[in-house]
4 protein chains.
Amino acid sequence: MRDIHAMAPARGRIELQRVGISGVRKPVSILRPERVVTLSASFTVSVDLPSGRKGSDLSRDAELLAQAIDWPEARPVPSLEAACAAIGRELLERHPYAMESHVEARAEYFLSRGVSPGRESLENFVLIAEASGHRDPDGIRVRRAIGAEAVGMTACPCAMETARERLTVEFPLLADPSLKGLPIVTHNQRNRTTLIFEPDDASEVEADEVIGAIEAAQSSPTYAILKRGDEAQVVLNAHRHPRFVEDVLRDLLMSLPERFPALPPATVVRVRTVSEESIHKYDVVAEHRTTMGELRASR
Amino acid sequence: MRDIHAMAPARGRIELQRVGISGVRKPVSILRPERVVTLSASFTVSVDLPSGRKGSDLSRDAELLAQAIDWPEARPVPSLEAACAAIGRELLERHPYAMESHVEARAEYFLSRGVSPGRESLENFVLIAEASGHRDPDGIRVRRAIGAEAVGMTACPCAMETARERLTVEFPLLADPSLKGLPIVTHNQRNRTTLIFEPDDASEVEADEVIGAIEAAQSSPTYAILKRGDEAQVVLNAHRHPRFVEDVLRDLLMSLPERFPALPPATVVRVRTVSEESIHKYDVVAEHRTTMGELRASR
Amino acid sequence: MRDIHAMAPARGRIELQRVGISGVRKPVSILRPERVVTLSASFTVSVDLPSGRKGSDLSRDAELLAQAIDWPEARPVPSLEAACAAIGRELLERHPYAMESHVEARAEYFLSRGVSPGRESLENFVLIAEASGHRDPDGIRVRRAIGAEAVGMTACPCAMETARERLTVEFPLLADPSLKGLPIVTHNQRNRTTLIFEPDDASEVEADEVIGAIEAAQSSPTYAILKRGDEAQVVLNAHRHPRFVEDVLRDLLMSLPERFPALPPATVVRVRTVSEESIHKYDVVAEHRTTMGELRASR
Amino acid sequence: MRDIHAMAPARGRIELQRVGISGVRKPVSILRPERVVTLSASFTVSVDLPSGRKGSDLSRDAELLAQAIDWPEARPVPSLEAACAAIGRELLERHPYAMESHVEARAEYFLSRGVSPGRESLENFVLIAEASGHRDPDGIRVRRAIGAEAVGMTACPCAMETARERLTVEFPLLADPSLKGLPIVTHNQRNRTTLIFEPDDASEVEADEVIGAIEAAQSSPTYAILKRGDEAQVVLNAHRHPRFVEDVLRDLLMSLPERFPALPPATVVRVRTVSEESIHKYDVVAEHRTTMGELRASR
């Protein structure tokens, strides 16, 4: 059979930066200390294409993903980012004409959470992993990114303050010193925050610690099972930690030096946080990209 | 050319209830009392297929939609449901082998809203229209459905009550009679409610009144522009009208006899309401289907 | 604590048909003959609410889902529909005021497929399960629905015929008898088909057989790994089985009596098929609802 | 009222790159040579936040969008990108503490298309516009991006070649010279391609020309109304222009110097193309970022 992909393009000689396959659904089994967990994941992989080739051998991408990931019970991987890094390296092995590879994966992930003993349930989060391979004269180098998304809750500090002023006019007793610290009504809502690290070395990042860092920066985590007393506890906790998206972003960033002391200074940090405002039909969003080194210097 | 659609099916003789096209995007111009508004709409249309035909003439569906809707500046329609009713009738004219037709349309719609004078903005809603045509010996009858979806806000009455009990232990002054009526913290969130009427006659329903009825049943409408004082006003309003989804559903249903007195008793009413709970990662939902006659009897 | 949910509604006395929680994400472990598979699933559950109660005890829904489904490694279920049926029954146990319960679940599911030996990969499908509980004087009855969705491919028989006519004018040799049976160009596309059974008894339906029935009715299944020769084989197979959505729907329905001989005649059958037409920006859709008894009679 | 946003953050002093609002839906009226068209658009806007401020004055973002866009019949804008550029400038006027602003808009857009006279219909596309404002000592500079997305069709050249080889074994007459040029079966599918220009000056780009360039690089445009003969014509046209995503990307890029001769060499060009493969459940994707200058040099 003629290899159409390997022929020269009919028109134009231009190299293309990324050619690949997207939305490949796979079950992934991950080795955890105490057990194997199976997650549903979606993969996107690509390599560059030199100017002399008409097409990329995309069936190799699908074949490689099947060999790396399929039949998960039989073949657990140490982590989603380790799987991505291995795939990023193997892409360059199987596409000898390519210089760069990219892998992205998102997987639904569950952790046990509970506001009271006996009320634990599995809460859903998202694991994020990426890998970029680069072929240079000394061989293939792979850079990884490791992150997660967590949904929690924010309560607005500004509406709380203006509500307090208005209510104090209507209820003068609110100014009584004994009511100092009384949580005041405000709007609160789902907050969706993503934190991703790109270490420049082989540093490990534990997904559960990424999720824990995000939850600590929100006004409160959220839970599937809340009996009446629990519900009040979550509401009060959120109103005692009112946060703008700016606060979530800043508090999360400022917590990273202490939470991840081993990450090298050149580690890139990307954070994005979105509050699905209850008083608006649109969302409020904040994002920032920095390094662990800059974060340590700015404390 | 051979007409493959009109041939007999190779295997099996079975009539099919619905065959059509879905996700047809169109701009629709609607004549309002004072002006013409142009909306982006999505249409789904179908007819039944008798057992002796291999396929439905789907190009007629697309042609009919283009003739009824395209070039909107030149051809405004009186309303989205009038357009659907005309399309439902015309589908049976152009598919002489069909006995039933179905049309569904959803369009993004904007209304001016403001919590304070000078703070008006256009808020987005969804118009919903349906039509079902039926061919019987006396000709074609068309039944219409008319509705809308509005996003507003709910504040939970249960968490408010348990928070009040907990806070009163911590802040005994809260029990002071002068603080009766003080809004207490609770979780609040986006609520998405749909109300659809299916009159059995030619009754008109005004979309703006459908949206008004929904907004009145939520804890508060929501707004794009809220300066600091406005924000407190919306928050206080919502906390003074705490509502479960059950309350939104029930209050909306109970308001309909007074708001829509002219609708005949056989008019079917469908309501669905979803609160995107701020304290959970999942939604809370309530729905009900009844008639105007039953609603009038249950007051 | 006061039980706000159990109080009488402030306004109106009307019973509500469905109140529940939606979009609850869970990992589900299912016992298969040879192993346990873990799937990501989404659940919606609801019960009715009598007119005398303000609210439904929704925390019981979340608690019940956690007890039935969470910690999947430790607690595999026999099937998704068995889990739904147990949840449908338990909802009525835990909501003593309710007469009806509804459960819906969708889970991503993987099966090994390959067009050639050694080219197997895991292909993604969707499992669908539903349960409706009804409390009557003799106790609780639960009715189940069991189904699946599979993505395959359709090739259009009509465009193939008109292309043949046009090409025969341009290439008269095409009329040569030795070219009878030559596959001719047409448009082809992704087809997404759902088949759901609602048996009125305890009949079992095997998900893999539901998926197999759907794939057999499409022009061809689709595959993740296709080397050059495989790709031609899938394309030729699809063009040798050109199908309208009407054909997919009819052929699937007509195949059910032979494929599922044990299902009782009152079993409701629901089918929906959507082709994402390559020559249009919109989809083509067909759907039908019937019973196994009617299908057996119409052969 | 205390201005909570203007206060210093409680924890940490770090500037944040982007804080804003997202998913703001608006109707936009655009002045075209012959008429005003009204489109549904979604806006995201943001500015940076200095380290000394707790929050961004987000109500100004919503107010500004309402003033720039609302009441579209009364206030048409010259183009979506002109509206974005004005908003990007005004964001820096209203947030005096900010140095950078970002605006993104996507709007559904309709153009008349027809494969035969009398078969014209409105086809849906997406307009894309962005603006980035930068405050420097000499004032505010704004850089714009202008683009569009169009859905068309690709037919695979590789499967066509391998199908030809297989069919020639089965039908030796296919090798007859008179059949040279006969279109051969292959898989074809929806292709979604985005082209965006970022000129470094005030160059105008006409959206209709962006869409025209995309459609010319696909195997064929797609149409709402196709009678039998038209359908064959589109299918044959696509099979006479088989294209990998790599071909769509390369052909589109290579066509730009001739189609957009006036764009300055520093104009950034971003292209992304996705084919929703009919023989796979996943998509194939290619993307590239370059400049007009590089494209002119590579011819």
Side-chain angles (χ1 to χ4, degrees), chain A residues 1-5 21 23-30 32 34-43 57-67 69-74 107-114 118-126 151 223-232, chain C residues 1-5 21 23-30 32 34-43 57-67 69-74 107-114 118-126 151 223-232:
Chain A
M1 284 183 293
R2 291 163 63 198
D3 185 346
I4 302 289
H5 298 87
I21 61 179
V24 188
R25 308 285 319 179
K26 293 286 180 196
V28 182
S29 280
I30 297 180
R32 305 290 301 168
E34 69 285 13
R35 67 197 203 285
V36 172
V37 297
T38 302
L39 312 176
S40 272
S42 178
F43 287 86
D57 276 328
L58 297 177
S59 67
R60 295 183 192 177
D61 298 356
E63 207 170 23
L64 159 54
L65 279 171
Q67 289 167 5
I69 302 290
D70 278 358
W71 298 282
E73 292 81 7
E108 194 171 25
Y109 182 60
F110 297 91
L111 286 176
S112 178
R113 290 282 187 270
R119 308 273 166 74
E120 289 84 6
S121 67
L122 290 183
E123 299 287 325
N124 54 303
F125 302 94
V126 179
V151 172
Y223 303 90
I225 305 179
L226 293 176
K227 306 305 281 185
R228 272 203 296 285
D230 308 329
E231 212 178 44
Chain C
M1 283 184 293
R2 289 163 62 199
D3 185 347
I4 301 289
H5 298 87
I21 62 179
V24 188
R25 308 286 317 179
K26 292 286 179 196
V28 182
S29 280
I30 297 179
R32 304 292 300 168
E34 69 286 12
R35 66 196 204 285
V36 171
V37 296
T38 301
L39 312 176
S40 272
S42 177
F43 287 86
D57 276 327
L58 298 176
S59 66
R60 296 183 191 177
D61 298 356
E63 206 170 24
L64 160 54
L65 279 170
Q67 289 167 5
I69 303 290
D70 279 357
W71 298 280
E73 292 80 8
E108 194 170 26
Y109 182 60
F110 297 90
L111 285 177
S112 177
R113 290 281 186 272
R119 308 272 166 74
E120 289 84 6
S121 66
L122 290 183
E123 299 288 325
N124 53 304
F125 302 95
V126 180
V151 172
Y223 302 91
I225 305 179
L226 294 176
K227 306 305 280 187
R228 273 203 295 283
D230 308 329
E231 212 177 45

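A, B, ... follow the sequence lines: proteins, then strands. Residue 1 opens every chain. Please read all numbers here as calculations on a predicted model, not as lab measurements.
- The pair Arg25(C)-Glu123(A) does not meet the salt-bridge criterion, since no charged nitrogen lies less than 4.0 angstrom from a carboxylate oxygen.
- A distance-only check finds a donor-acceptor pair linking the side chain of Asp70(C) to the backbone of Leu122(A) [under 3.5 Å].
- Here Glu108(A) is the residue among Arg119(A), Glu108(A), Glu231(A), Arg60(A) with the most heavy-atom pairs under 4.5 Å with chain C.
- Pairing each heavy atom of Ala62(A) with each of Ala224(C), the nearest pair is CB-O, 3.2 Å.
- In this structure, Lys26(C) and Ser121(A) have side chains that are in contact, with non-hydrogen atoms separated by less than 4.5 Å.
- In plain terms, the two heavy atoms of Ile225(A) and Ala66(C) that are nearest each other are CD1-CB, 3.6 Å.
- Comparing Glu120(C), Gln67(C), Lys227(C) by heavy-atom pairs within less than 4.5 Å of chain A, the highest count is held by Lys227(C).
- If you take CG on Asp57(C) and CZ on Arg228(A), they are separated by 7.0 Å, rounding to the nearest 0.5 Å.
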